[in-house]
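Since the structure comes first, as structure tokens, the remarks are kept for the end.
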Protein chains: 2
Amino acid sequence: MVEFDPITEAHRQWSARWPEHADHMTAITSVMRVQQLLLARVEDVLKPHSLTFAAFEALRLLAFTRHGSLPMGKMGERLMVHPASVTNAIRKLESRGLVERRLSPDDRRVVLATITDDGRAVVAEATDALNQADFGLAGLTREQAAEVTVTLRLLRTTAGDA
Amino acid sequence: MVEFDPITEAHRQWSARWPEHADHMTAITSVMRVQQLLLARVEDVLKPHSLTFAAFEALRLLAFTRHGSLPMGKMGERLMVHPASVTNAIRKLESRGLVERRLSPDDRRVVLATITDDGRAVVAEATDALNQADFGLAGLTREQAAEVTVTLRLLRTTAGDA
DNA sequence: TCCAGGTCCTTTAACGTCCAAGTATCTATA
DNA sequence: TATAGATACTTGGACGTTAAAGGACCTGGA
């Protein structure tokens with residue numbers, strides 16, 4: 001099946017020149033490539049629901065909360081993205097009526113994003129679709145998926161997460 | 001050190017509702033997050049050299065070739081990105097004099113990107129910097145880095161790579 | 001009371017990625 | 001030889017991300 005794997009080739013090139021760094025280089029390249037592939041897969045599943053993965057995550061997060069509402073800043077923390085990304089995502093969702101924005105009565109600097117009934121319906125369908133597709137990882141057993149998470153947690157902590 | 005890990009929390013939320021899909025969801029989320037972290041690390045190292053990771057990869061690829069030159073299309077294959085991304089990357093490198101573009105004498109549809117002496121100098125320095133920083137993975141042994149690659153290769157093939 | 005400093009969010013600007021459409025060029029076939 | 005179909009690349013648009021700067025709003029100490 002595999003005729004030529006660019007990542008394997010890159011490792012070969014690197015090994016010939018800087019053998020002691022080839023493994024680290026290849027690990028990075030693998031992460032980048034896997035992310036690219038999986039994002040494409042997930043977005044394919046989401047496309048019929050007119051959601052990007054970023055939009056899905058924002059909606060999913062709100063639906064998980066007790067009152068379907070969260071301050072923008074909190075969303076950024078939970079989604080681990082820049083505040084500007086939250087603004088961007090919520091603006092689009094709001095324009096589609098899937099989310100509403102209002103100022104917090106307690107602190108008027110704070111913007112509360114609240115999922116609407118339409119938003120709940122959309123995210124429920126999208127969630128089912130992703131679950132059915134196993135998030136694009138239908139080829140993996142639960143154990144294998146869990147192993148990926150464990151391996152990457154080592155990488156996350158090494159790279160400064162949490 | 002770890003007070004609250006959004007990925008662990010997301011897994012908890014998912015497990016409470018769709019336990020049979022939580023591991024796959026978490027694997028995806030982990031990949032996305034790790035990519036984000038590592039890209040940021042690598043770009044920090046590259047910033048003093050005024051290169052993005054995409055620009056570095058393009059330059060590095062050209063420097064590896066026999067004549068320092070490759071058709072745009074081939075670059076897209078090797079870098080595993082869309083042709084438009086190659087156009088984009090090469091345009092910026094060309095404007096900085098790190099790469100030159102010329103039409104192939106054999107097939108005038110083909111654009112050959114060629115690294116310049118300046119380009120070679122820049123990529124050599126950037127490569128040293130990345131190697132010294134172990135690509136942002138200084139905390140990992142070579143064995144651990146290799147393990148990441150192996151685990152992700154399973155994921156790549158599952159997701160349709162190669 | 002008042003103001004300096006911190007916090008919350010938005011805006012703007014760079015960058016990267018992809019898709020879809022358009023142009024130029026080659027190639028195989030009628 | 002002419003032409004329809006493939007290929008190679010670029011362009012323009014949509015989307016995501018971050019950094020930096022600005023406006024509005026708290027808050028605590030003088």
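First the proteins, then the strands, lettered A, B, ... as listed; each starts at 1.
Atom CD in B:E94 sits roughly 14 Å away from atom P in D:dC9 (whole-Å rounding). As rounded to whole Å, 13 Å separates atom C1' of D:dC15 from atom CG of A:L51. The CG-P distance, from B:L37 to D:dT18, rounds to 10 Å in whole Å. Between B:D107 atom CG and D:dT7 atom C1' the separation is 8 Å, expressed in whole Å. For A:Q35 and D:dG16, the CD to P distance is 14 Å, given to the nearest whole Å. Between the C1' atom of D:dC15 and the CZ atom of A:F56 lies a distance of 18 Å, rounded to the nearest Å. Remark: P of C:dT27 and CZ of B:R108 are 12 Å apart, rounded to the nearest angstrom. Atom CG in B:D106 sits roughly 13 Å away from atom P in D:dA8 (whole-Å rounding).
In this structure, CD1 in A:I115 is found 9.5 Å from CG in A:L61, a value given to the nearest 0.5 Å. Summarising the geometry, atom CG belonging to B:L155 is positioned 5.5 Å from atom CG belonging to A:L38; distances are rounded to the nearest 0.5 Å.
The aromatic rings of A:W18 and A:W14 are tilted relative to each other, their planes meeting at an angle between 30° and 60°.
You'll find the side chain of A:V34 stays beyond 4.5 Å of the side chain of B:R153, heavy atoms only. A heavy-atom distance below 4.5 Å is not found between the side chains of A:T116 and A:T114.
The existence of a salt bridge linking B:D118 and B:R96 is excluded, since no basic side-chain nitrogen approaches an acidic carboxylate oxygen closer than 4.0 Å. For B:R91 and B:E94, the salt-bridge test fails: no basic side-chain N is under 4.0 Å from an acidic carboxylate O. A salt bridge does not link B:R60 with B:E57: every distance from a Lys NZ or Arg NE/NH1/NH2 to an Asp or Glu carboxylate oxygen is 4.0 Å or more.
Counting only N and O atoms by type, the side chains of A:H11 and A:D23 include a donor and acceptor under 3.5 Å apart.
Phosphate proximity of C:dC9 to A:R101: absent, as no side-chain N or O sits under 4.0 Å from OP1 or OP2.
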For nucleotides 11-21 of chain C, list the nitrogen or oxygen atoms of the protein found under 3.5 Å from its nitrogen or oxygen atoms, one pair per line.
{"residue": "C:dG16", "atom": "OP1", "partner": "B:T52", "partner atom": "OG1", "Å": "3.0"}
{"residue": "C:dG16", "atom": "OP2", "partner": "B:K92", "partner atom": "NZ", "Å": "3.2"}
{"residue": "C:dC18", "atom": "OP1", "partner": "A:Q36", "partner atom": "NE2", "Å": "2.8"}
{"residue": "C:dC18", "atom": "OP2", "partner": "B:H82", "partner atom": "N", "Å": "2.7"}
{"residue": "C:dC18", "atom": "OP2", "partner": "B:S85", "partner atom": "OG", "Å": "2.8"}

Heteroatom pairs (N/O) under 3.5 angstrom, protein to nucleotides 3-6 of chain C:
{"residue": "C:dG6", "atom": "N2", "partner": "A:R109", "partner atom": "NH1", "Å": "2.9"}

